Amino acid sequence: MAIRSSLLPLALLVLAAASSAAVAQLEIGFYSKTCPDAEKIVGEEMAKIIAAAPSLAGPLLRLHFHDCFVRGCDASVLLESTDGNVAEKDAKPNKSLRGFGSVERVKAKLEAACPGIVSCADVLTLMSRDAVVMAKGPFWPVALGRRDGRMSSATEASNELPPASGDVPLLAKIFASKGLDLKDLVVLSGAHTLGTAHCPSFADRLYNTTGENGAYGVVDPSLDSEYADKLRLKCKSVDDRTMLSEMDPGSFKTFDTSYYRHVAKRRGLFRSDSALLLDATTMDYVQRIATGKFDSEFFRDFSESMIKMGDVGVLTGAGGEIRKKCYAPN
C-alpha cells in the first residue's frame, strides 16, 4: 500500500519539517545513503499490520505520544523493565499501551535490510505517521536521525504524561514544558479520533463526581447526560477493566474531524476532552473544526503539530545509540 498525501500543501510541510529539524539536528532523507529503502520498508510492513488489525492505528499513534512526552522521542517507552528498574511501559498511565510487537516486527525488517542503522525512535515516529495516513488522515514529511535512549523510568512517565483528567491550565503547562503551545494542545487532542479506552480512564465521570453537599454518584455535569447513560451501560463500575469504549464513537478507526463534533456536543470521553470547551482559545478551535468545513485546515494543523512533537528532546549525533532490539539497550 503506497503512502499518499491528502492534498495538503506538501511544500509548506516540508519547510516546516526542515525548519523544525534544523533545531533538532534531524534531516529529511537522513537514511538516503545508509538505508535508502527505510521509509518504504516501514510503509510496506505497516500496510500489512493495519490491513490485518485496523484498530492498531490509534494505539501506534498513542505509543509515539507517550514516548515523546517522557525523555523526548527516544523510544524509551519501548524498553522493558529489569530487576533493578521499572520502565515507562509499566507505569500506570502506560498499562494499556499496545503495539509493541508491531514495532519489533518493523524493526526486524529494517535490521535484516540495514543492520544497526535505523533507530527505534525513528521507526516509531514513521509508524505513527503511516498509521494516520492508513486511517485516511494526512501525510507529512518526517525528518529523521533520532537515536535511542538507554534509560526508561516509570516514575518519570507517571509524573510527566498529560493526564486524561487534566484541565487546560495543567495540560498547557505540560505541553509548554515540551515546547508545544495551546494550539498544539487542542490540535493533538484530535488524535482521539482514533482508538478506544478502558473504563478506569474515564469512569470516574460516571460514578465518582462530587455533587452538591458532597454527595457522590452524580454524573459529571460537563458530560452530555444521554452519552453518559450509554457509557454507564458499558462501564458497570470505575474499576471495570474488561470493556472498551470508542474515543470517537462510530469513527474510531478513521482519522477525521468527528472527534471535535463529539466534544462540541459535550460528548468528549475524557475530562481533558471536555476541558477544551472551558478555555476560549481551545473552545474556538473545537467549534470551528466541528462545523465540518475546515477538515483540510485541521489536517494541516495536525501535520504541523506532529512535526513539532516529533522533535521534542531528541537524541542526535553521538547521543544515545541505535538499538538492535527495541525492547532492550544494546
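Bear in mind that the values here come from a model prediction, so they are computed numbers and not experimental data.
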Asker: Just to verify, what does Ala191 make a side-chain contact (heavy atoms from CB on, under 4.5 Å) with, not counting sequence neighbours?
Answerer: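 Scan of Ala191 (side-chain contact (heavy atoms from CB on, under 4.5 Å), adjacent residues dropped) gives Leu61, Phe65, Phe302.
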Asker: With respect to Asn94, which candidate in Lys89, Glu88, His66 satisfies the side-chain hydrogen bond (donor to acceptor under 3.5 Å, both in side chains) definition?
Answerer: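 With Asn94 as partner, side-chain hydrogen bond (donor to acceptor under 3.5 Å, both in side chains) holds for just one option, His66.
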Asker: Identify, with sequence neighbours excluded, every residue that meets side-chain hydrogen bond (donor to acceptor under 3.5 Å, both in side chains) alongside Ser81.
Answerer: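 Per chain and number, Ser81 pairs via side-chain hydrogen bond (donor to acceptor under 3.5 Å, both in side chains) with Asp90.
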Asker: Ignoring hydrogens and angles, tell me if any N or O in the side chain of Ser274 forms a donor-acceptor pair with the backbone of Arg271 under 3.5 Å.
Answerer: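 It does not hold such a pair.
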Asker: When rounded to the nearest 0.5 angstrom, what is the spacing between CG in Leu78 and SG in Cys120?
Answerer: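 Rounded to the nearest 0.5 Å, the CG-SG separation comes out at 6.5 Å.
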Asker: Looking at CZ of Arg323 and CG of Asp148, how far apart are the two atoms once the value is rounded to the nearest 0.5 Å?
Answerer: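 The distance works out to 4.5 Å.
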Asker: Arg205 and Ser222: side-chain donor and acceptor closer than 3.5 Å?
Answerer: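 Note: Arg205 and Ser222 side chains meet the donor-acceptor criterion.
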Asker: Between Ser201 (side chain) and Ala197 (backbone), is there a donor-acceptor pair under 3.5 Å?
Answerer: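 No, Ser201 side chain to Ala197 backbone: no donor-acceptor pair under 3.5 Å.
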Asker: side-chain contact (heavy atoms from CB on, under 4.5 Å) for Ser303 and Arg300? Distances and angles first, verdict last.
Answerer: CA-CA 5 Å; Ser303 299; Arg300 183 178 65 251; 5.7 Å; no
Asker: Rounded to the nearest 0.5 Å, how far apart are CG of Asp130 and CD of Glu44?
Answerer: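 One gets 11.0 Å once the value is rounded to the nearest 0.5 Å.
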Asker: Nearest 0.5 Å, what's the OG-CZ distance between Ser165 and Phe270?
Answerer: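 Reported to 0.5 Å precision, the distance equals 10.5 Å.
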Asker: Taking side-chain contact (heavy atoms from CB on, under 4.5 Å) as the criterion, tell me which of Ile289, Thr291, Asp295 meets it with Tyr260.
Answerer: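 Testing Tyr260 for a side-chain contact (heavy atoms from CB on, under 4.5 Å) against Ile289, Thr291, Asp295 leaves exactly one candidate, Ile289.
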Asker: Hey, are the side chains of Met306 and Val132 touching, using non-hydrogen atoms and a 4.5 Å cut-off?
Answerer: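 No, too far: nothing below the 4.5 Å cut-off.
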Asker: Charged N to carboxylate O under 4.0 angstrom, Glu104 versus Lys325?
Answerer: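 A salt bridge is absent here (no side-chain N lies under 4.0 Å from a carboxylate O).
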Asker: To the nearest 0.5 Å, what is the distance between OG on Ser251 and CZ on Arg261?
Answerer: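 So the OG of Ser251 and the CZ of Arg261 are separated by 8.5 Å.
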Asker: Mind jotting down which residue pairs meet the ring pair (Phe, Tyr, Trp, His ring centres under 6.0 Å) criterion with at least one end in residues 149-188? Sequence neighbours excluded, please.
Answerer: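 Applying ring pair (Phe, Tyr, Trp, His ring centres under 6.0 Å) to every pair that reaches into residues 149-188, excluding sequence neighbours, yields Phe69-Phe175.
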Asker: With the side chain counted from C-beta on, respond yes when Leu126 and Val142 share a heavy-atom pair under 4.5 Å apart, and no when they do not.
Answerer: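 Yes, their side chains come closer than 4.5 Å.
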Asker: For His64, what residues pass the ring pair (Phe, Tyr, Trp, His ring centres under 6.0 Å) criterion, not counting sequence neighbours?
Answerer: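 Partners of His64 under the ring pair (Phe, Tyr, Trp, His ring centres under 6.0 Å) test: none.
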Asker: Using a 4.5 Å cut-off on heavy atoms from C-beta on, say whether the side chain of Leu276 contacts that of Tyr285.
Answerer: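 Result no, sub-4.5 Å side-chain heavy-atom pair not found.
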Asker: Taking Asp122 for its side chain and Gly145 for its backbone only, find out whether a donor-acceptor pair lies under 3.5 Å.
Answerer: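 Looks like yes, one N/O pair under 3.5 Å.
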Asker: Just by distance, do the side chain of Lys173 and the backbone of Val168 share a donor-acceptor pair under 3.5 Å?
Answerer: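 No, the answer is negative, given that no donor and acceptor are paired below the 3.5 Å cut-off.
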Asker: Do Tyr327 and Leu124 share a hydrophobic cluster, counting only Ile, Leu, Val, Met, Phe, Trp and Tyr and linking them when any side-chain heavy atoms are less than 4.5 Å apart?
Answerer: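 Not linked; separate clusters.
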Asker: Looking at Arg71, is its backbone amide N or carbonyl O close enough to the side chain of Glu156 to form a donor-acceptor pair, meaning the two atoms are under 3.5 Å apart?
Answerer: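 Between the backbone of Arg71 and the side chain of Glu156 there is no qualifying donor-acceptor contact (under 3.5 Å).
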Asker: Flag yes if more than 12 heavy atoms outside Lys178 fall under 6.0 Å of its NZ atom; otherwise flag no.
Answerer: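 Check passes, neighbour count above 12.
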Asker: Do Tyr31 and Val118 have side chains that approach each other closer than 4.5 Å (heavy atoms only, starting at C-beta)?
Answerer: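 Answer yes - side chains close enough.
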Asker: Is there a path from Ile322 to Val123 through hydrophobic residues (I, L, V, M, F, W, Y) whose side chains come within less than 4.5 Å of each other?
Answerer: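 Ile322 does not cluster with Val123.
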Asker: Checking Ser119 side chain against Arg146 main chain: does a donor-acceptor pair fall under 3.5 Å?
Answerer: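 Yes.
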Asker: Do Glu226 and Lys230 have side-chain heavy atoms sitting under 4.5 Å apart?
Answerer: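 With C-beta onward as the side chain, the pair touches.
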Asker: Answer yes or no: is there a side-chain heavy-atom contact under 4.5 Å between Met247 and Tyr259?
Answerer: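 Met247 does not reach Tyr259 side chain to side chain.
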Asker: Could you state whether Phe299 and Val286 fall into the same hydrophobic cluster, counting links through intermediate Ile, Leu, Val, Met, Phe, Trp or Tyr residues with side-chain heavy atoms under 4.5 angstrom apart?
Answerer: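 Yes, it is one cluster - the side chains of Phe299 and Val286 are joined through contacts under 4.5 Å.
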Asker: Provide the closest heavy-atom pair for Leu185 versus Ala172 in the form atom of the first, atom of the second, distance.
Answerer: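 In this case the closest contact between Leu185 and Ala172 is CD2-N, 4.1 Å.
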Asker: Determine whether Leu171 and Pro163 make a side-chain contact, defined as any pair of heavy atoms from C-beta on separated by less than 4.5 Å.
Answerer: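 A side-chain contact exists here, since the closest heavy-atom pair is under 4.5 Å.
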Asker: Less than 4.5 Å apart, any side-chain heavy atom of Lys136 and any of Asp256?
Answerer: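 No. Closest side-chain heavy atoms not under 4.5 Å.
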Asker: CG/Leu188 to CG/Leu180 distance, rounded to the nearest 0.5 angstrom?
Answerer: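 Between Leu188 CG and Leu180 CG, I get 6.5 Å after rounding to 0.5 Å.
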Asker: Main chain of Thr282, side chain of Asp279: is a donor-acceptor contact present, judged purely on distance under 3.5 Å?
Answerer: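 Here the side-chain-to-backbone pair exists.
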Asker: So, Glu111 and Lys324, do they make that salt bridge, N to O below 4.0 Å?
Answerer: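 Salt bridge flag = no for Lys324 with Glu111.
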Asker: Please determine, by modelled atom types, if Thr125 and Arg129 share a side-chain donor-acceptor pair under 3.5 angstrom.
Answerer: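 Result is no, nothing qualifies.
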Asker: Salt-bridge test for Lys308 and Glu304: reply yes if a basic N is under 4.0 Å from a carboxylate O, no otherwise.
Answerer: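 Looking at Lys308 and Glu304, the cut-off is not met.
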Asker: Quick one: do Leu63 and Leu79 end up in the same hydrophobic cluster if we chain Ile, Leu, Val, Met, Phe, Trp and Tyr together by side-chain heavy atoms under 4.5 Å apart?
Answerer: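 No, separate clusters.
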Asker: Hey, does the side chain of Asn85 reach the backbone of Ser152 with a donor-acceptor pair shorter than 3.5 angstrom?
Answerer: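 Yes, the answer is positive, given that a donor and an acceptor are paired below the 3.5 Å cut-off.
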Asker: In chain order, what residues pass the side-chain hydrogen bond (donor to acceptor under 3.5 Å, both in side chains) check against His262, with sequence neighbours excluded?
Answerer: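 So His262 forms a side-chain hydrogen bond (donor to acceptor under 3.5 Å, both in side chains) with Asp248.
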Asker: Examine distances only and state if a side-chain atom of Thr193 and a backbone atom of Gly190 form a donor-acceptor pair shorter than 3.5 Å.
Answerer: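 Judged by distance alone, no pair lies under 3.5 Å.
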Asker: Under the 3.5 angstrom rule, does the side chain of Arg147 hit a backbone N or O of Gly319 as a donor-acceptor pair?
Answerer: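 Such a contact is found between Arg147 side chain and Gly319 backbone.
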Asker: Are Thr196 and Glu246 linked by a side-chain donor-acceptor pair shorter than 3.5 Å?
Answerer: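 Side-chain D/A pair, Thr196 to Glu246: absent.
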Asker: Treat each ILVMFWY residue as a node, draw an edge where side-chain heavy atoms are under 4.5 Å apart, and state whether Met127 and Met309 are in one component.
Answerer: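 In one cluster with Met127: Met309, yes.
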Asker: With sequence neighbours excluded, tell me which residues meet side-chain contact (heavy atoms from CB on, under 4.5 Å) with Ser225.
Answerer: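 Not a single residue meets the side-chain contact (heavy atoms from CB on, under 4.5 Å) criterion with Ser225.
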